[in-house]
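Structure first, then comments.
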Amino acid sequence: MPELAEVAFYSKKWAPGLGDRVVEVVCRDRARIYRTADPAQIRRGLKGKRLTGIETKGKQMRFVFGEASLGLHLGMTGKLLVKKGDHEPGKHDHLVIRQERRSLVFRDARMFGALKFEASTEPAWWTSLPPEVVSRSFTLKAVADYLRRRKGSPLKAVLLQQERFPGVGNWMADEILWRCKFHPARKAGTLDEEEGEMFWRETKQLCRDALKIIGDKYGRPPTSWLFRHRWRRGGKCPRDGAILMRATIGGRTTAWCPECQGK
DNA sequence: GGAGTTGTTTAGGA
DNA sequence: TTCCTAAACAACTC
């Protein structure tokens, strides 16, 4: 589920806990989400601290507890919830941060999600993340250079690279290519200058649009987006009504319109 | 019961 | 070295 805008939405779920102190931390130690962090360290490091900040960068989230940082990635099925203070962890509740008046819960069935912890407000794993697509530092030059570097890759695969397009996931990549009318299997190196600029512009615009619609209230994109038609076999292109195609491109299920994007 | 799933890492080939 | 692909991870839904 979680791409850029969904991550922004979920990060706010724990906002009611801002300013309050952590009473107790419950970790399901053997869960796979702890492959990148030590649960004992998280328990020790968060207890007694106040939640003082919530930030996101692409698909990454960071929760600041005083002088410590808890990094969180939702993977494919991760969710953040707020439950009552004495919430008994359910089957997939692998981390429960208890405060006096509520529990902050990280739930993840498939456990592709991951945690990070560091007793610092500026851990390298946070500060070294690439610039956000919606920021000024996401420049045309950076994108053009990247298209050149990955010239042999399908555009779909390029858009999924978090080192350059942080937050873009499967559906957003399809939506961007559909807006540009580029075939998802087209090689990155074949875009001319004008096409490269459109690719850059539409990537930024889609991220902005998605954040606006989904980031705050988890709204549903309009039917004029590919999003509303791409999941179902037999779905039609909202632009010209052609039956959408589906295939694995760049390792992921990809939907596109054979009429306006070709083949 | 089998196929498919909105993510990332890693191993190995080119 | 650098780039590219496929598989693995795990549990749920259709």
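For the numbers below, each heavy atom of this structure counts, side chains included, while hydrogens, waters and symmetry mates do not.
Side-chain atoms of A:Thr36 and A:Lys116 form no donor-acceptor pair, as typed in the model, at a separation below 3.5 Å. Between the side chains of A:Glu202 and A:Trp178, no donor-acceptor pair is found at a separation under 3.5 Å. No side-chain donor-acceptor contact under 3.5 Å links A:Gln161 and A:Arg164. Inspection of the A:Arg44 and A:Gln41 side chains reveals no N or O donor paired with an N or O acceptor under 3.5 Å. With 3.5 Å as the limit, one finds no donor-acceptor pair spanning the side chains of A:Arg30 and A:Tyr34.
The backbone N or O of A:Ile213 sits nowhere less than 3.5 Å from a side-chain atom of A:Lys217 that would complete a donor-acceptor pair.
Which of C:dA11, C:dT5, C:dC3 sits closest to the side chain of A:Arg149 comes down to C:dC3. Considering only side-chain atoms of A:Met76, the nucleotide from C:dC12, B:dT5, B:dT8 that sits closest is B:dT5. Among the nucleotides C:dC12, C:dC4, B:dG7, the one closest to the side chain of A:Arg150 is C:dC4.
Between B:dG7 and A:His73, no contact under 4.0 Å exists linking OP1 or OP2 to a side-chain N or O. The side chain of A:Lys91 contributes no N or O atom lying less than 4.0 Å from OP1 or OP2 of C:dA11. Between A:Lys151 and C:dC4, a side-chain N or O to OP1/OP2 separation shorter than 4.0 Å is absent. Between A:Gln162 and B:dT8, a side-chain N or O to OP1/OP2 separation shorter than 4.0 Å is present.
Nucleic acid contact for A:Lys187: none, since no nucleic acid atom lies under 4.0 Å from a heavy atom of the residue. Base contact: A:Arg32 has a heavy atom under 4.0 Å from a base atom.
If you check residues 240-257 of chain A against DNA chain B, the residues with a heavy atom closer than 4.0 Å are A:Arg246, A:Arg252, A:Thr253, listed by number.
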Show each protein N/O and nucleotides 11-14 of chain B N/O combination with a separation under 3.5 Å, one pair to a line.
none

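The nearest whole Å value for the distance from the CH2 atom in A:Trp231 to the C1' atom in C:dT13 is 14 Å.
For the side chain to side chain contact (heavy atoms under 4.5 Å, CB included) criterion with A:Asp209, the lone passing option out of A:Glu175, A:Lys204, A:Arg179 is A:Arg179.
Identified under the ring pair (Phe, Tyr, Trp, His ring centres under 6.0 Å) test for residues 53-74 of chain A, with sequence neighbours left out: A:Trp14-A:Phe63.
In this structure, A:Phe112 packs face-to-face on the six-membered ring of C:dC9, meeting both the 5.5 Å centre cutoff and the 30° plane limit.
When hydrophobic residues (I, L, V, M, F, W, Y) are linked wherever their side-chain heavy atoms come within less than 4.5 Å, the members clustered with A:Val96 are A:Val26, A:Leu81, A:Val105.
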For DNA chain C, the dot-bracket notation using Watson-Crick and G-U wobble pairs below 3.5 Å, [ ] for pseudoknot-type crossings and | for other-strand pairs, is .||||||||.||||

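The ring pair (Phe, Tyr, Trp, His ring centres under 6.0 Å) search around A:His92 returns none, not counting sequence neighbours.
Within 6.0 Å of the CZ atom in A:Arg35, the count of heavy atoms belonging to other residues, nucleotides or ligands exceeds 12.
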